[in-house]
Structure formats: structure tokens, C-alpha cells
Peer 1: 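Right, I'll just put the structure down here and ask away after.
It should be emphasised that the depicted structure is a prediction, and the values quoted were computed from it without experimental measurement. Any value given below was found using the heavy atoms of this structure, including those in side chains, with hydrogens, waters and symmetry copies removed.
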Amino acid sequence: MFVLAFLGKRVLAAAVTLLVTSFLVFSLLAASPGSPEQTLLGARQPTPELIAALRAQHRLDDPFPVRYWHWLSGVLELDFGRSVRSSREVVDILAERLDVTLWLGLYAFVLVLLVAVPAGLSAGIRRDTAWDRGVTVTALLGVSAPPFAVGLMLLSVFGVGLGWFPVFGAGSGFADRISHLTLPAVALAVAGVAIVARQTRAATMDVTAKDFITFAEARGLPRRVVLGRYALRNSALPVITSAGLVLAYSLTGAVLVESTFALPGLGSLLVESVSTKDIPVVQGLALLTAALVIGVNLIVDLCYLGLDPRVRHAGGV
Amino acid sequence: MIVRALSAFALGLVVIAALLGDWIAPFDPGAQDLAGTAMPPDAAHWLGTDELGRDVLSRLIAGTRTALLGPALVALGVAVLSTAIGLLAGYRGGWVDSAIMRAVDLVYAIPPLLVAIVVVGVFGGGYPLAIGVLIALSVPADTRMVRSAVLAQRNLAYVEAARTVGLGRGRILFAHLLPNVLPTVVANLLLSFVGALVGLAALAFLGLGVGTGAPDWGRMLAENKGLVDLNPAAMIGPAVLITVVAASVTLLGDRLYDLMSARGRDAGRA
Amino acid sequence: MLDVRDLTVHDGRSRVLVRGVSFRVGPGETVGLVGESGSGKSLTARALVSLLPQELRSGGSARLDDTELLGRKDLRGVRGHRVALLMQDPFTMLNPLATVGTHLVESLPGRADRVEVARRLAEVGIDDPAVAGRYPFQLSGGMRQRVALAAALAKDPGLLIADEPTTALDVTTQRDVLALLRRIQTERRMGLVLITHDLRVARQACDRVLVMYAGALVESARSADLDAPAHPYTAGLLRSVPSVTHRQPVLLGIPGSVPAAADVVDRCPFADRCGWAEPACTEHAPPLVDLGDRATACRRHGGIDLSPPELAEPDAEPVGDARATLLDVADLVKVYRSIGLRRTEHTALAGVSLHVGEGESLAVVGESGSGKTTLARAVLGLTDPTSGRITLGGLDVTSYRRLRSADRARARRLVQCVFQDPYSSLNPAHTVGYTLAESLRRRGEDLDVESEVDSLLDLVGLPASYAGRRPVALSGGQRQRVAIARALAVRPRLLVCDEPVAALDVSVQAQVLEVLRKANRELGIALLFITHDLAVARQVTDRMVVMHRGRIVEHGATADVLDAPTHPYTVRLVQSVPDAAPHTEGEAHVTQ
Amino acid sequence: MWEFLDKAGEAAMRRTRIAAVAATAALVLAGCVGTGAGPTGKRVAGDADIPELTWAMPGAPRSLDIAHALDTRSNLAIFAAFDGLLRMDADGELQPALATSWTNPDPLTYVYKLRQGVTFWDGKPMTAEDVAHSLRRQADPAEAAETQLYLTRLKEVAATGPDEVTVRLTTPDPMFKYVPALVWIVQQKEYAEAAGKSLGSPEKPGMGTGPYRVTRFSPADGVDFERHDGYWDTRPKVAKLAYKPIPDPEALRLAMMSGEVDGTFGVPLQDIRKWERTAGISMYYTRTISVNYLSMDVTTAPFDDVHVRRAIAHSVDRQGLLDPLFGGRARLSSSPVSSLQLETMVGKEKAAEVIGSLPTYPFDLGKAKEELAKSRYAGGFTVEVPYPTTQPWSRLLLENLARNLSTIGVTLVPKAQPDQQWVANIYAHKDLKLQIMRAGGGTPYPGEMLPMMFGQASAGPNGFNTANFADPELEAKLGSLGEDVAPIAEIMRLNAEEVPYVPLFEEDAAHALRAERVFSPDPTPWLAGFNWAIALKAAA
């Protein structure tokens with residue numbers, strides 16, 4: 001019962017956030033320099049027929065709120081309009097590009113979790129050792145290095161120099177895709193690994209200083225129980241939060257990494273659409289991003305719910 | 001320890017470069033040598049030359065000030081706004097806090113750089129707009145942190161005592177709470193700086209962080225990425241500088257936070 | 001069974017924290033390890049279970065039967081199995097993410113079933129098997145401590161080390177838990193090391209008491225022999241414990257504060273605070289001299305008389321009925337409502353009425369959750385009551401927010417406060433002088449701030465030079481005195497004291513109480529004195545109200561209430577107070 | 001004919017009614033001049049089949065319907081798969097393709113004889129109605145085709161026999177003769193009508209007669225082609241052709257280096273030093289008909305003074321920049337008219353004579369200073385010059401110019417702008433002042449660009465007379481443009497004297513191919529009217 005209410009509240013909050021975002025996103029068209037017709041026309045011939053068609057399609061004669069409502073009801077049916085550049089349905093374009101970015105983002109995320117959590121956990125437990133210092137400094141550099149610079153470096157060393165990985169394209173089929181996306185995923189993951197490792201280390205240090213860890217050790221519980229059930233699970237909450245943030249931010253990284261590795265994903269689509277002012281595509285992308293981010297946050301909330309009985313039973317974190 | 005010393009050394013060099021700039025550059029950073037373009041490093045040009053035959057090292061040095069100015073503006077802007085809003089929200093509580101925090105939550109999860117790409121790309125506002133967007137979107141996260149620092153302090157006895165003594169809200173906020181959330185503010189300030197440094201470089205890399213004609217690390221990185229084969233130093237130079245400065249400033253932030261919060265902490269408390 | 005020899009603990013830079021501690025514990029024996037904060041008692045306990053903080057190292061020897069406990073790499077089969085540790089705070093000792101059952105199952109040897117879990121819970125006095133399915137945050141503090149005890153004892157260790165197991169609990173619960181510990185210990189014939197800062201608890205619960213000071217053992221005696229201490233520090237501690245049965249004319253503490261162990265390695269650690277110290281005491285560290293049944297580390301133990309001086313008659317306090325009413329609280333109700341999904345209501349005050357006359361001193365006693373702090377905050381205007389009325393000096397101050405600013409300023413000058421936690425009472429960013437001056441300026445008079453600061457410091461017994469110090473350089477007792485000075489700076493007519501000495505060591509608590517008594521008697525400032533400690537209340541207040549679950553259940557003159565409680569709750573409270581001297585009542589009261 | 005390379009350019013072109021093969025212009029390459037080769041020298045084509053080949057371009061096609069894909073990248077994909085009515089040879093001459101011959105009985109009528117026995121990919125025979133519909137469709141205003149800009153004078157297209165299609169114009173058009181090679185791509189009528197708006201999309205890529213069938217198309221990651229075995233002409237050697245988008249030039253080079261990509265058109269000249277040194281890659285160079293230039297608005301200060309314009313012209317170190325900007329693969333230009341177009345019209349010698357007689361402005365800061373001193377703005381001035389971020393060489397050129405001008409007291413501030421904004425400014429025709437531009441036509445006709453650059457009608461919003469340089473006399477000359485070179489030469493001279501436009505460079509186009517492949521025949525400047533995929537062979 002309570003869990004349902006909790007979820008309901010979060011979903012409601014997510015919906016409100018999406019609504020506000022959608023309004024801002026819709027305003028992009030009106031706010032972008034030049035008249036909406038001009039923007040929507042793109043590079044097409046400004047024939048009176050076309051202009052009339054565009055005005056009708058986007059209801060440019062209606063007042064702003066009506067237009068918004070019209071657009072929003074379209075969006076709810078996944079109708080984001082047509083690309084100015086290619087006249088294709090925005091939703092088709094997004095669907096086509098989403099694939100690569102999802103792969104990339106999830107692949108990088110898996111890397112983040114596989115590398116960052118053990119590294120951070122072991123550093124946090126063995127604090128002030130050489131290993132801890134190594135992890136800390138590496139993480140520091142990882143957070144600081146611009147992803148595109150990392151990408152270029154990986155590309156020239158592992159792609160070209162050593163020839164271990166293909167240097168462009170997204171590949172098709174599972175194995176092929178994995179080999180194509182490994183370098184980009186690593187480039188994308190570096191910052192995430194660094195952030196999550198730092199967070200895990202801090203959380204672990206925080207948790208291992210807690211009384212219940214000492215008490216568990218005092219009771220002679222085996223190390224794996226203390227590390228697993230006690231340290232790991234209790235440091236999981238901040239780690240999940242930061243991991244969620246990393247996942248949500250991976251689209252930003254994707255923009256940079258995809259342009260470095262020439263991947264046909266949402267990130268490169270954003271750069272292309274922005275620089276050609278293909279507003280409908282940008283709107284679609286912005287909403288999709290917001291939805292992804294909000295979705296990730298909901299998942300984080302669910303994890304909280306699953307992991308922390310205090311949230312399940314008492315409400316509020 | 002070694003890392004800390006190295007980063008302090010690096011920051012020292014960067015600060016000197018920012019202050020002295022042109023004086024210590026081995027060449028005129030604008031001087032072009034069309035006969036010697038894209039040359040790899042040699043005895044005269046330690047980092048080689050760029051596509052117009054300009055000395056990369058001199059341009060890096062000359063660009064320090066510009067490269068640091070934007071991030072500094074962002075960091076200061078974010079610090080001032082987030083501290084003001086965070087103090088207000090945390091101390092006032094009630095509906096003011098709720099309203100501010102709802103707004104903050106709304107923007108919190110949105111990656112600032114992504115919005116900067118869209119806004120700068122669509123509106124073409126260039127550098128000032130990029131800085132504005134980065135400030136606007138970085139404020140929420142920092143506001144949250146300042147607010148929770150305020151909340152941690154707000155119910156401490158010294159604040160309640162100050163209220164009981166009858167001090168005004170302004171005095172409590174600025175004379176009592178502010179000094180105690182300052183470690184958070186300073187740490188955030190430096191982290192915002194790092195974020196903006198990398199973010200503006202990313203915008204420049206995408207061709208959106210447009211600036212004036214003056215040399216700037218982010219732009220050099222983007223402009224010289226075509227030289228990766230002929231003179232890699234021209235691209236690696238700014239990339240390494242950005243990374244090192246970002247890492248050093250992060251480290252400095254961690255360190256300052258520890259030092260500043262240790263000042264008021266009780267060592268031997270049972 | 002446990003034989004500790006020359007146990008030392010030092011940090012990474014070889015600064016000594018505990019030095020040369022030796023003692024024995026037999027089967028079925030309870031040994032109390034008593035000391036104030038910084039004495040090294042907890043480190044000693046931690047060292048015995050190899051759970052010192054990472055950067056600390058231990059030396060010496062501690063044999064449990066034939067097993068050496070110190071310096072072991074492999075603790076399997078020892079920690080938990082042979083020796084277990086129970087810690088102070090039941091709120092943080094249990095894994096917040098695991099149920100009670102999980103805690104027990106993972107601790108029990110072999111595969112444990114529900115029956116076994118239920119049996120173990122029953123042993124610690126939890127008869128409801130449903131508790132096994134609950135999470136720690138769903139239990140009360142006493143229940144948690146019982147669960148923790150069951151978990152600690154799951155592997156049936158021969159020795160239990162309990163580090164302040166009852167400090168975080170209310171007095172009534174504390175008594176139950178102590179009784180439980182003793183019962184289980186007797187049943188299992190287990191060795192028990194009970195670590196506590198409270199001499200009364202140690203005397204009541206232990207067969208033998210070891211007194212630690214600044215990292216060293218200074219005295220060891222049977223509980224019954226403690227009335228005649230063999231070390232000046234023990235004598236000082238005994239003198240400092242306030243009495244619940246009598247009002248002492250002068251409250252005695254031990255002057256000064258505890259030094260760091262590393263600073264006193266080669267001298268008597270107590271010499272600087274000791275009235276009998278002579279130059280030879282600081283020449284080398286006195287060894288613990290075995291005197292048969294007891295041992296002491298005082299080199300003058302034979303030559304000085306440490307027996308408590310004769311007790312003077314408690315002075316009869318005038319209870320002024322004719323006094324004008326300063327504070328009047330009428331039918332005060334405070335309900336906290338949580339906003340959000342699950343609307344919960346918590347009634348902190350359920351209709352409280354009381355009054356405080358000019359210059360009078362009123363105690364508000366009760367356990368945690370009784371509403372006494374809420375009452376204080378309402379009077380101070382830090383929270384708005386739900387209903388009721390508070391009148392202060394003729395001014396209706398029910399809601400400070402609704403007062404006109406001139407009235408609010410006046411109200412603020414009428415009432416001031418002293419809070420519990422000395423560590424958060426003062427802004428760490430400002431010097432003592434800054435804090436006091438800031439407060440002085442609120443008095444609204446033209447005054448020479450600097451000399452006023454000096455006289456305020458003098459009033460609370462601190463040297464004028466302290467004006468330049470920051471709180472971090474002050475001890476807890478000193479901070480609390482500064483906090484009082486800050487409150488007095490405005491010249492209030494009412495001082496609300498919310499557990500002002502609860503966080504202080506007993507040897508410095510007297511200094512603070514004495515300052516408060518002085519403010520009350522000499523400056524005529526009325527006190528609203530909130531405390532859970534009946535003995536402290538007896539020393540400071542004229543009248544008393546007893547609060548329970550947001551209501552006043554009993555009120556009257558302090559001496560009457562304590563000597564002849566009528567309400568069952570008050571009776572229970574009074575009975576729960578551990579007696580400082582169970583055998584010879586009243587002997588602990590001393591005069592100078 | 002107008003072209004701002006890359007995205008910006010494409011956009012610009014499509015918006016205007018200016019006739020141009022925008023698209024192809026980027027790599028429109030004229031008469032195969034100077035075919036370079038890899039380190040091992042020129043290779044000879046062998047006879048072997050190539051089972052698979054990957055071609056890369058900076059972007060994927062937007063559509064496979066020429067009506068909505070008039071840009072370089074899309075056109076390359078379209079020309080690989082589909083047939084036009086005619087082809088253009090290496091000299092810019094029209095050659096038969098789906099039409100075997102054509103006549104031009106009067107200036108308003110063109111009659112095309114169709115090849116017989118040609119089948120579509122689905123095996124159905126091509127009819128005259130299919131051919132006629134393919135062009136008619138593009139002229140229909142409802143279609144809003146980008147190619148309409150070529151067809152403004154089209155009156156009607158009709159199948160006038162089973163093997164004959166006749167076109168009628170409203171007024172004579174010296175450039176219409178190139179339309180059958182450039183945009184008259186034949187699509188099956190039945191298929192096109194069924195597809196409607198979605199013709200050229202991934203779902204309905206199109207139905208043509210060309211050497212390749214489209215097996216998969218995605219505007220995100222390119223096109224896959226498969227050889228069409230029933231092709232009427234020579235069977236291509238490549239069995240499977242993949243067309244991949246790789247936006248980053250460096251990623252593209254790396255991909256070619258590792259052998260994942262076999263070739264690309266239009267390597268940025270700035271990078272060719274690097275490409276030349278890359279093992280396993282052969283480079284091919286052709287001339288192009290594009291000219292880049294500085295444009296100065298003669299109606300606003302300080303560019304209303306010819307001395308200022310001359311001072312600027314003297315301040316560009318064109319010779320010095322040739323190498324850093326274009327790897328030496330460009331030539332100095334002395335006129336907004338492409339020398340290649342001029343040569344195609346009047347022959348090399350005559351062209352050299354016309355060009356040689358024009359006054360020039362060599363890099364000479366002394367003279368620049370003198371000219372500035374003679375002007376009304378002797379004290380110097382400040383000007384901000386925008387350039388699109390996708391055009392790296394313009395940044396370098398402007399930075400060089402800025403440095404040089406600073407020595408004579410003029411402050412020039414290069415200002416990077418996102419493409420679209422830059423293009424929008426040009427269209428808005430406001431604050432033009434000093435601009436860096438590039439013009440590139442699509443046909444071999446040298447007068448192609450002149451009405452756009454000098455016409456009165458173009459000196460306003462959506463026009464490309466960015467210098468606002470126009471007068472009635474000039475207007476008359478533009479009106480007399482035809483098969484005679486004289487008016488063209490006169491306009492060239494006028495520009496050289498008044499310098500509203502400072503011609504800078506004519507760039508070559510650079511193409512890269514893995515060394516184990518060869519072009520046979522080699523790429524030409526007229527790639528737009530030609531199926532390049534057929535020319536790909538294995539090296540012998």
C-alpha cells in the first residue's frame with residue numbers, strides 16, 4: 001500500500017517534470033531566432049503552398065497555448081512532427097538513432113559498474129594504502145579528462161596503432177557491435193567510472209566507520225558477510241544515486257563520444273540537428289532525453305525502495 | 001603527497017602564465033610563419049607550430065587567461081547564486097524552501113552541457129550565452145548542497161542561541177551560517193570551475209563554444225585536432241593542460257574543504 | 001580466564017593512548033572499567049577484540065584462557081566465539097537494512113531455525129517472536145539493545161565486553177538492561193567487562209571496579225571498598241557525583257580537565273588536578289601498587305586521607321510563594337504533523353500548564369520523548385505551539401512571529417537559554433569574545449563591550465584571555481560556561497537550561513551547575529531547568545514538574561517529589577537512579 | 001551554382017532559385033587534371049570482381065529521391081544506383097545514357113530518344129511515360145522539389161512516342177541542356193506514385209534502372225547496394241557496395257587506414273599532407289569549378305571606398321596560404337568566374353588570355369597601406385567577420401588576414417558562427433560588410449554564377465549579391481549572357497577594377513581510395529552527371 005503511494009508520488013512528480021520540460025521544449029520553436037515559418041521551412045523552397053501547409057500543420061495561426069496543446073497531444077501519440085532537414089517523421093529518426101546510443105550508454109554503464117564499484121569498494125576498505133591512492137589519483141584524472149580527448153587517444157592507440165578494435169561504425173549483430181562499441185564505450189565510461197569510484201570509495205569509508213560494521217566484526221561474522229551484506233549494501237544507496245546520475249549524463253558524453261567515433265546515435269544527431277536548426281528533431285531529442293533522465297531517476301527510486309526497508313516501511317528517505 | 005605537490009606546482013605555473021601571459025611566452029603568440037606550419041616539436045618550438053605556423057606553447061601560455069576566465073565567471077556566478085538561494089531556502093524553510101526545491105529538482109537532473117549545446121546551437125549566442133546557460137543549470141545542484149549544509153547547521157544550538165539572543169535574520173545568515181557553510185561553498189566553487197572548464201572545452205570541440213580571436217585552450221584543442229598526425233603536441237598540449245588543471249583544481253577543492261571544515265571541527269571529541 | 005598484561009595502545013606516530021593496563025576477569029565475574037572521556041577505556045575494550053581503528057596499534061598481552069587476543073592475524077573462532085563486544089548506541093549498532101532475524105541467523109553457529117531465533121530472543125526478554133521480522137528502525141532503543149545483546153551472545157562467548165551499553169538509554173530502560181546483563185551473565189557464568197563513565201552504574205552492577213584516567217589504570221577495588229578510595233582521582237569522582245537524596249550546599253568537581261595520555265606518560269597523570277600532589281609526583285609515572293584486595297597508582301596512597309569529609313546539613317531552601325509570576329504556561333499543546341503521503345501526528349505536548357516565579361528555579365524532568373525539550377523551545381519562541389498560551393513578564397509570547405518587533409526584542413531580552421550540546425552551542429567560526437560581544441550589544445545599552453566581556457567571563461569562572469579563543473580550543477565544560485555567559489550577557493530574567501550538563505563528564509559538571517546556581521541565587525535569574533537527571537535537579541531547583549508523554553504527572557517542591565513520589569511514573573524514575581553509595585547512604589556528600 | 005561547402009552550402013543552395021547543382025558542386029570536378037596516385041604510382045585496373053566495397057562520406061543521404069536530396073552526399077548515393085537520361089564526360093560534354101540521342105529543334109524544345117530494352121530492378125521494362133513522369137513530378141509545385149530551381153522555365157514534359165520524350169520551355173535557358181544529366185533521374189512511375197511522399201525514404205527507397213539496387217537505406221547510417229544483374233550497360237565490378245557516413249574526417253582517415261573503408265570523395269584539402277603520408281591510400285585530385293572569395297558590401301562604410309577594398313585585396317597572403325590551407329592543391333583565382341568553366345567554353349589559350357589581362361592585387365602590405373591612406377578611412381577601422389564553424393580554412397584565412405591588416409591599422413575580428421546562423425545572416429542580407437564566401441556552379445557554363453553575384457535582383461534578402469554591387473549597365477550585360485564570352489569577360493574586368501569581390505582560390509577536389517582499388521576512368525570535375533560506382537575496379 002505504502003509502496004504504491006510512494007511510486008504514485010514519484011510517477012506524478014516525473015510527469016510534472018516532463019510536462020514542464022515539454023513546455024520549454026515547445027517554446028524552442030517560438031524562441032529560436034527568425035520566424036517559426038522560416039525555421040520550419042529550413043532549406044526548402046518557400047513556396048506559398050508549403051508555407052500554408054506548414055502554418056496549418058503547426059497551427060501557427062492559433063494562440064500559443066492552443067498550439068502547445070495541439071503539439072502536446074501529438075507528442076503523446078509519439079508524433080513529434082517532421083524533420084525540417086529530411087522531411088521524415090521525427091519519431092522514425094529518433095527510433096533509428098536510439099539503438100546505437102542505448103547500446104553505447106548501457107555498455108558504458110556496465111563498464112562503469114564492473115570497474116568502478118570494485119575499485120571504489122576496495123579503495124574505501126583499504127584506505128590510505130598504495131592501492132587506495134592509485135585508485136584516487138586515477139579517478140581524479142578520469143573525472144578531469146575531457147571525454148573527446150580520451151576518445152581521440154583511444155582511437156589512435158587501440159584502433160589505429162594496435163588495430164585491436166574497429167575505428168568507426170556501430171557494427172551489426174551482437175559480437176560485431178560489441179567490438180565496434182568497445183572503444184567509444186570506454187571513452188564514455190572513463191568519467192563515469194571515475195565519478196562512481198570516488199562515490200563508492202567515499203560511501204564505503206563512511207559505512208565502514210559505522211558502528212554496525214564494527215559490531216558485525218565483533219560478532220565474528222565472516223568477512224564476505226561483512227563486506228557484502230553490510231558494507232556493500234549499505235553503501236549501495238549513494239552509489240546508486242551517482243550511478244543513476246552517470247547514466248542520465250551519459251547522453252551528454254554520447255554527444256562528444258559519438259562525434260569523435262562517428263557513431264550514428266542520438267548524440268551526433270543532436271549536434272547535426274542543432275547546427276542545422278532542425279527544431280522538430282531537437283524538440284524530439286530534448287523530450288526523449290528528459291524522459292530518459294526521468295526514467296533513470298525513477299529506476300533509482302525503485303532501487304531505493306528495494307534496498308532500503310526504511311523507505312519501504314516509513315516513507316521518505 | 002607527490003600528487004598534491006605536483007598539482008600545486010602545475011597550478012602555480014598556470015597562475016603565473018595567467019598573470020604574466022605574453023611576457024613569458026617564447027614567441028609572439030600571434031606571429032605566423034606560413035612556411036613552417038604544423039611542424040612537430042623542435043628546439044625552438046617546444047610544442048611545435050599550428051596550421052598558421054604559430055608557436056603552440058606561446059599560444060597555450062597566452063591563452064591561459066582566456067581559458068580560465070570563462071570557467072572562473074561560471075564558478076563565481078554559480079557560487080554567488082547557489083549560496084544566496086541555498087541559504088534562503090535552508091534557513092527560511094516552509095513554502096519558500098519547498099518552492100525553491102521543487103524548481104531545483106526540476107532542473108537538477110538535466111545535464112547542463114546538453115542544454116548548453118541545444119541553446120547555444122539554436123540561438124547562436126556564443127560564449128556569453130554558453131556561460132549563462134552553464135551558470136543557470138549548475139546552480140540547482142550547488143544550491144542543493146548549500147541548502148543541506150545549511151540544514152545541517154540550522155538546528156545546531158549556536159543558531160538557535162543566536163535566534164534566542166534576538167539577532168536578525170540577516171545577521172544569522174551571514175555572520176553565523178555563512179562562515180560555516182563556506183567549506184561547501186568553496187568546494188563547490190572549485191568543482192564548478194572544473195565543470196565549466198571541461199564543459200566549455202567540449203562546446204568549443206563541437207564548434208559551439210565560439211569565442212573571440214584570442215587563443216583559448218578549448219578552441220585550440222578543437223582547432224588543432226586535425227593536426228593529430230602532423231603535430232600531435234598541438235592537440236595533446238591543450239588536452240593535457242585542461243586535464244591537469246581540472247584535476248589539480250579538484251584536488252585543491254578537496255583539500256580546501258578538508259582544511260576549512262577541520263578548522264571548526266573538534267578533534268578530541270569522545 | 002582473561003588476563004590482561006601491560007596493554008598499550010598507540011597511534012601511527014607512536015603517541016600513547018593507553019599505557020600499561022593490566023587486570024584479570026574470572027568466570028562469572030563482572031569487572032567495571034570506569035573513566036571519563038579520554039581515559040582510554042573504550043580503546044582498551046576495542047583492543048581486546050582487535051577492533052581498534054585502522055591507524056591504531058596495540059601492544060602487551062591479553063590471554064583469554066590459553067588464547068592470546070592481541071596482535072592476532074586470524075581471529076576466526078575467537079572473535080564472537082570466545083569474546084564478544086556490545087557497543088554503546090543501539091541506534092547505530094544494527095544493520096539498518098537487515099531484520100532482527102537476519103542479525104541472529106547470521107550470527108548463530110550452524111544453520112539456525114526460527115525456533116532457535118525465538119529462543120534466543122526470549123533469553124534477552126523478547127517474548128514476541130514477530131520481532132524477528134522487524135527492522136531495527138521499527139524498534140525502541142531498549143529493544144534494539146536487547147537484540148544486539150542476543151546477537152553478541154549468539155556464538156556463546158565466554159567473555160562479553162559491554163562498552164557503555166546503557167548510556168544512550170533512558171534511566172528506566174537502563175535499569176532493565178543492566179539487570180538483564182547481570183542475569184544472563186550469572187546464568188551463563190560468563191565473564192563481563194562493563195565499560196561505563198558512570199561510577200554509580202559501575203558500583204551497582206560490578207564485582208570489581210577499575211578506574212582509568214588519561215590512558216592509565218589508577219585504581220582497582222571491589223565495589224564495596226570504593227567508599228574509601230585509594231586514589232585522589234577516585235575520591236574526586238565520588239565527590240563530584242551529585243546526590244539525589246540531598247541538596248549539597250556547594251557542588252564540588254575536579255578542577256581542570258583531563259590531559260592527553262601521551263602528555264603524561266612519565267608522570268602521575270592526575271598530578272595537575274590533585275590537591276595532594278607534590279613535586280615528586282611529576283618525576284616519573286607511579287606504578288599500580290597491589291594492596292591485596294585493591295591496587296592504586298598513587299605514590300602517596302598511604303600518607304593522605306581520602307575518606308569523604310563530614311556531611312553538612314542540607315540547607316533548607318526558601319520556596320517563595322509570594323513571588324511574582326514571571327512565566328506562565330497555560331494548557332500548552334504542540335502537535336507535530338508530518339506533511340506528505342502518510343500523514344502522521346505526534347503529540348509532543350498534550351496540555352501543559354506551569355508557572356515560574358521571579359528568581360525561582362523550576363525543574364522539568366522526564367525521559368526522552370516526554371516533551372520537555374518541546375516545552376523549552378516553545379518558551380524560547382523557537383517553535384510555535386499548536387494551542388495554549390505562554391505569558392512572559394506580562395507579555396503574551398505564545399507566538400514570537402506575531403509579536404511586534406519591539407515586543408519581540410523585549411521578549412528576547414527576558415528569556416535566554418543554555419543548550420545541551422556544548423560542541424554545537426558555540427559558532428566554531430567565531431571567537432568567544434565575538435560571541436559575547438554580539439550578545440552584549442543586544443542588551444540595548446551603551447556599554448564598554450570589552451570590559452563587559454571580561455566581567456562575563458569572570459562571572460562564569462573563565463580567565464579574560466579566553467575572549468580571544470575559538471571554541472575548538474575549549475573543553476566541553478568551558479564551552480558550556482561560555483554559553484551561559486552569552487545568555488547572561490542580555491541580563492535575562494529567565495534562563496531556560498535544556499540538559500545543560502548531560503553531555504559533560506561528571507568531574508566538570510559541578511563547575512557548570514555551580515555557575516547556574518550562582519546566576520539563580522546571586523543574580524536572581526529564574527531557571528527553567530530541563531533534565532533527565534534527578535540528582536542534578538535536586539541540586540539546582542526549588543520546585544519540580546515531572547513530565548511523561550507530553551503531560552505533567554506530578555509537581556511540587558523538588559525535595560518533596562524526590563523524597564516521597566506519588567505518581568507511579570515518578571516512583572519508577574526515582575527508583576531507577578543508580579545509587580552512588582548503596583550501602584552507606586549519604587556518605588558521598590561532602591563539604592569543603 | 002552557388003555553394004558554401006558542407007551543410008551550410010547545401011542549405012543555402014536549396015533555398016534559392018539559383019540554378020546550380022549545389023550538391024555535386026562540392027566535388028564537382030572538372031576535366032581530370034592531375035590525377036595523383038599513391039606512393040607506388042599509378043595503378044592499372046584489373047578485371048577481378050570486388051565482392052564488397054565500403055564507401056564513406058561525411059554524412060548519410062537524406063533521401064534517395066533527387067527531388068528532396070539535392071546535396072552532395074545524397075546525390076552520390078543516388079548516382080551510384082540510378083540512371084539519368086544523359087551523362088557528362090570528363091570534358092563536361094553530354095553523353096548518351098538512358099537517352100541514346102537528343103535534339104534541340106528550337107530554343108524552347110528538346111527531344112530525347114530513349115534506349116530500348118532497359119528494365120527496372122524489378123524486371124519491368126522502362127517506358128517513355130516513366131521517363132516523362134520522373135521529370136514532371138519534380139516540376140510539380142505540390143511536390144516542392146528542391147530540384148525545381150533547375151526547372152523554373154520548364155513548360156511541359158511529355159512522352160511523345162514509345163521511345164521519345166519531349167520537353168518544352170517557356171523561355172530559352174542556356175543551362176537546361178544539362179538537366180538530363182544532373183536531375184533527370186528515372187524512377188518507375190508506378191512505384192513513385194504508390195510511394196507518394198515517402199519516395200526515397202528507407203521504406204520506399206525508389207525503383208530505378210541503374211547498376212545497383214538499394215537493399216537497405218537509413219539516413220542515420222547509410223545505404224547498402226547490391227549489383228543489379230540485368231543492367232543494360234557494362235556490369236560493375238563491385239558486387240556489394242556499402243555507403244557509410246563518417247562525419248569526422250580524422251575518423252574517416254583512420255577507417256581507411258585500417259582498411260574498413262575503401263574510399264571517399266572530397267577529402268578536406270587542409271588534411272591532405274596527412275593523407276598523402278598515410279600508407280595504403282592513393283589520392284586523386286581534380287579541378288573544381290568553385291571559387292572562394294571575399295565579398296565587401298560597397299554600399300556601407302568603409303567598404304564603399306574602392307581604396308579600402310584594394311587595401312584589403314593587397315593584404316591577403318594568398319600565395320603563402322596555398323600550402324597550409326590547401327596542401328598546395330588549389331590555384332590562385334583572379335575572377336569570380338571559374339577558370340575551368342571558362343576553359344570548357346573557350347579553350348585553354350583564350351581563357352588564359354582573358355584572365356591574364358585582368359589587374360591583380362598581389363600580397364603587398366606596403367601597397368595596402370598606400371591604398372588605405374588614399375581612402376577616406378586612412379585612420380583604420382574595425383570590422384567583425386563571421387565565418388561558419390564547419391569551414392576551417394576560412395578561420396585560418398581570416399586569422400592570417402587579421403594579422404596582416406593589424407600592421408596597417410585595421411582591426412579584423414574573425415567570429416565563428418554556427419552554420420545555420422551564418423547562412424541565415426547571408427539570406428537576411430543584413431550587416432554584410434566583409435564576408436568570406438564560396439561560389440560553385442553545377443554546369444560547365446561560365447556565366448552560371450554571374451546573375452547571382454552581380455544582379456540587381458540578388459542584391460536583397462535571399463540574394464547572393466553580397467557586395468550589393470549593381471547598376472543598370474551591369475544589368476544589361478547580365479541580360480546579354482549567352483553563348484558569347486564577351487559579356488562574361490567584361491564583368492570579370494569590372495570586378496577586377498572595382499573589387500567588390502576579392503577572388504581568392506580555386507580549390508581542387510581530393511579523393512582517396514585504398515591502393516588495392518583504382519578508378520577507371522579517373523574521377524572528373526563533373527562527377528554529378530556520372531555513375532562513379534561503375535568506375536571502381538580492383539588494381540591489377
Peer 1: Of the backbone (N, CA, C, O) and the side chain (C-beta and beyond), which part of I213(A) lies under 4.5 Å from a heavy atom of chain C, both, or neither?
Peer 2: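 Contact with chain C: none, neither part.
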
Peer 1: So which atom in L85(C) and which in A218(A) form the shortest heavy-atom distance, rounded to 0.1 Å?
Peer 2: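 Shortest heavy-atom contact: CB-CB, 3.6 Å.
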
Peer 1: If I take atom CG from residue N234(A) and atom CG from residue L97(C), how far apart are they, to the nearest 0.5 angstrom?
Peer 2: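 Going from CG on N234(A) over to CG on L97(C), the span is 4.0 Å.
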
Peer 1: Considering only heavy atoms, which portion of Q88(C) lies under 4.5 Å from any heavy atom of chain A: side chain, backbone, both, or neither?
Peer 2: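 Looking at Q88(C), nothing touches chain A.
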
Peer 1: For V83(C), which atoms come within 4.5 Å of any heavy atom of chain A: side chain, backbone, both, or neither?
Peer 2: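 When you check distances to chain A, only backbone atoms of V83(C) fall under 4.5 Å.
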
Peer 1: Among P157(C), A152(C), A84(C), P136(C), which residue forms the greatest number of heavy-atom pairs with chain A at distances under 4.5 Å?
Peer 2: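 With the most close heavy-atom pairs to chain A, the winner is A152(C).
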
Peer 1: Please walk me through it: do Y230(A) and E106(C) pass side-chain contact (heavy atoms from CB on, under 4.5 Å)?
Peer 2: CA-CA 12 Å; Y230(A) 280 73; E106(C) 69 190 4; 2.2 Å; yes

Peer 1: Locate the shortest heavy-atom distance separating P96(C) from F212(A); write the atom from each residue and the value.
Peer 2: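 So the two residues come closest at CD-CE2, 3.5 Å.
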
Peer 1: Working to the nearest 0.5 Å, report the span between CZ of R46(C) and OG1 of T214(A).
Peer 2: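 Reported to 0.5 Å precision, the distance equals 5.0 Å.
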
Peer 1: Examine whether an atom of A148(C) lies under 4.5 Å from a heavy atom of chain A, and if so say whether it belongs to the side chain, the backbone or both; otherwise answer neither.
Peer 2: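 Both the backbone and the side chain of A148(C) come within 4.5 Å of chain A.
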
Peer 1: Tell me if a side-chain donor or acceptor on R79(C) pairs with a main-chain N or O of E217(A) at a distance below 3.5 Å.
Peer 2: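 Between the backbone of E217(A) and the side chain of R79(C) there is a qualifying donor-acceptor contact (under 3.5 Å).
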
Peer 1: Can you tell me which portion of I161(C) sits under 4.5 Å from chain A's heavy atoms? Options are side chain, backbone, both or neither.
Peer 2: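 Contact with chain A is absent: no heavy atom of I161(C) under 4.5 Å.
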
Peer 1: So does R219(A) get a backbone contact from the side chain of K155(C), meaning a donor-acceptor N/O pair under 3.5 Å?
Peer 2: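 Yes: the side chain of K155(C) pairs with the backbone of R219(A).
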
Peer 1: Nearest 0.5 Å please: distance from the CG atom of N95(C) over to the CZ atom of F215(A).
Peer 2: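 It is 11.5 Å, given to the nearest 0.5 Å.
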
